[in-house]
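Worksheet for the structure shown next.
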Amino acid sequence: MTAPARPTAPARPTAPALLTAQGLSHTYPDSSTPALRGVDLRIDVGESVAIMGASGSGKSTLLHALAGIIAPSAGSIVLNTPAGPIRMEELNENQRASVRRRDLGFVFQQGLLLHELSALENVAVALMLGGTPRPEAELAAAQWLARLGLAGLEQRRLGELSGGQAQRVAIARAQVTGARLIFADEPTGALDSTTSAEVLDLLLDSVEPSDARSGGRSLVVVTHDRAVAERCARLVTLSDGRIVSDEVGRGADRTADAAAGAQTAGERA
Amino acid sequence: MSAVGTALRLAPLFRQSPLRRGPADTAGSAAGRDGAAAALPVVSFAVVTTLALLVVAGARVFFSWDDELGLTYRMLAKIALALLLVPLGSVGASAARTAARRRDDRLASLRLLGATSGTLTVLTVLEAAAMAVVGALAGSVLYLALAPVVGLLHFRGAALGAQMWMPWWWIPLIAAAVVLLGAVSALAGLRAVAVTPLGVRTRQRPARTHWARIAAAVGLAAGAVVVLQILPAFAELGGVLVMIAVLGAAFGAGLLALDLIGPWVLRVAAGIKHRRARDVTRLIAARTILDDPKAAWRQVGGLAVTSFVGVFAAGGLAFSRLAASDDLDSAEQYLLQDIATGVLVTLAGSFVMVACSIGLNQAAATLDRAEVLVSMDRLGMPRRTMTDAARTAVMSALWVVSGGSALCAVLLLAPLLGIALFVQPLAIVTVAAVFAAGFLLVRGALLLASRLVPGILARPERVL
Ligand SMILES: Nc1ncnc2c1ncn2[C@@H]1O[C@H](COP(=O)(O)OP(=O)(O)O)[C@@H](O)[C@H]1O
Ligand SMILES: [Mg+2]
């Protein structure tokens, strides 16, 4: 965590790199074919990146490697955090777990919510694991739930929430710790199209440019839904464990428009 | 019954060991998880068989005496058998449940392929029976090894010795009974497990505690206390046998009352703990109990029996010590000594079985929580926090179970035997030893079950 900064890919002038992965390869222990074959990827602050590809192309594996859920067989990953750059491949299981709970947020298809806890507790636990006392954690959690339209449902258990509501709880939990990078794996995979669009709106709303007070937040979302992918600023396509295309998505216009709008407004003032 | 036919044709699939499956099979089981979950039921069935053989052999000796005190010995043997039968059945059921749980991935995919639930039931029962057969064989061998040791026990002033050998054909008969027990309890255990195309879950029953249950429990307990108060009257009416029978009935009523009220007490206690929880460990532990108080009770419920038997034993031991000083004839002297021996043997037997049952329940509970464990791991929850939460939940249930049952037993027995008996050093030592043993047992089971966690986390794709 206190490792000196090492040279990474040259930063674009607009946004500093949040995560840089180089030469990622991974072969599962009981498999003979690699799931990832030499992936290079750079994620900037304030970016929304969609990862697409056929089933089995390695999307989840890439996400898990980037998030430190698995240790890839080869390659390097540098995550820039407020406390300095972290080289993920140098960390052991426990250290990676602590990076996950401190610096990253997760919204997976299954939500990863604990069914015995209430909605409020599911969000508060993320803060409590970092040492925040329970009353403060629950207060912050309640604010996030309210912001995501779940006011009044704080005491509900998972079984008493709809799929869309459960994903909102997961989104609240991913943001409550101030994580600067959120990973979503098929977050709308189990939802109908209307709910899916709402959840995606909330996820994209979590993205903040680097000049925001929070220091910016980025989103990496794995999806097989083209409609979802096209709303992101960037679209990375995987095939057989390799990146076959990396294009600007339509969501980029939105971000650019917003930035341009902000600029004109600023000029007018 | 076409379900049986289909099941028999599918059965060879199930016998395939994970090691022999091809590397392409990504649904293959993590060796640790599968191995432990498979070994536990087999070991438990072996222990059940050994204990059943030893108990029957011992009881046979008791039943062969037909002198003046023979009837009393038979009665005592029957009480001991009844006390041992409850944990015996619960081990069988736990073993079967774990066996069913272990098959989760293959059962679920068969369901997905359209196998009827009848086919799945038959498959599971067949498998539990197969495990019971292996266990029963091992248990029979273990009996042959242990019979001479148990033969060293003295009853009526002489070692049991060669009397511990039964006619040889009793052994396969009893082993077959154990296999039958395994199959029947697998059937019962399956009713508590839901096999859906998406996986096998221990079926969630809504955690409701009816006031009627509590009323029934209070009624039972009160009835037992009243009956015990007037026990001497029973003795005058029908002699010592009626008295023992009434005592046994009161004991059963006490256990039943405890079982009715236990989950409710557990839930109330967990509610208080939940409000006070300041860290993640205690929060999750309290919520785990609140989620399903009955399941939490079942985890350690077997200890209610041992605590109860333990207090009984303490009273019995102290009583036989105190009574022994009076001028009794030698047969009566032996009877008192034999009560003490019998009480200790029954206690030891019920402990061994409860150990198996708790180990199995703990393993099944850990496998059931696999999905939660993987979720917590992905979120970066330290593994320590996960296992601590599970331990805290079980240990807080443990205190309520063993404390509650001991209290219940003292309340029942004190009016009868006098509280003075329970402040005898011998009684206190016995109760303390029973508690310490129960505590160690549960900790051991928890330790064993926590060994399953790394295997589960290594193969998250199997549960998500
Ligand atoms: N735990 C695992 N063990 C072995 N092979 C796996 C495991 N998880 C995924 N794979 C394999 O790795 C490849 C990529 O999988 P994955 O990353 O899940 O793809 P996607 O998310 O794009 O569908 C697939 O061929 C899959 O079968
Ligand atoms: Mg995937």
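Reminder, nothing fancy here: chain letters follow the sequence lines and each chain counts from 1.
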Between the side chains of B:Asp291 and A:Arg157, is the shortest nitrogen-to-carboxylate-oxygen separation below 4.0 Å, so that they form an ion pair? yes

Counting only heavy atoms closer than 4.5 Å, note whether B:Ala286 contacts chain A via side chain, backbone, both or neither. neither

Apply the test side chain to side chain donor-acceptor pair (under 3.5 Å) to residues A:His26 and A:Ser73: give CA-CA distance (whole Å), side-chain angles for both, the deciding distance (0.1 Å), then the verdict. CA-CA 5 Å; A:His26 188 67; A:Ser73 324; 3.3 Å; yes

Which atoms of A:Arg96 are under 4.5 Å from chain B, going by heavy atoms: the side chain, the backbone, both sets, or neither? neither

Chain B contact via A:Leu129 - side chain, backbone, both or neither, heavy atoms under 4.5 Å: both

Salt bridge present between A:Glu121 and A:Arg173 (N-O < 4.0 angstrom): no

Quiz question: by atom type and distance under 3.5 Å, do the side chains of B:Thr385 and B:Asp388 form a donor-acceptor pair? no

Under 4.5 Å heavy-atom distance to chain A, tell me which part of B:Arg383 shows up: side chain, backbone, both or neither. side chain

Interface moiety of A:Ser60 toward chain B, non-hydrogen atoms closer than 4.5 Å: neither

Salt-bridge criterion met for B:Asp377 and A:Arg100 (N-O under 4.0 Å): yes

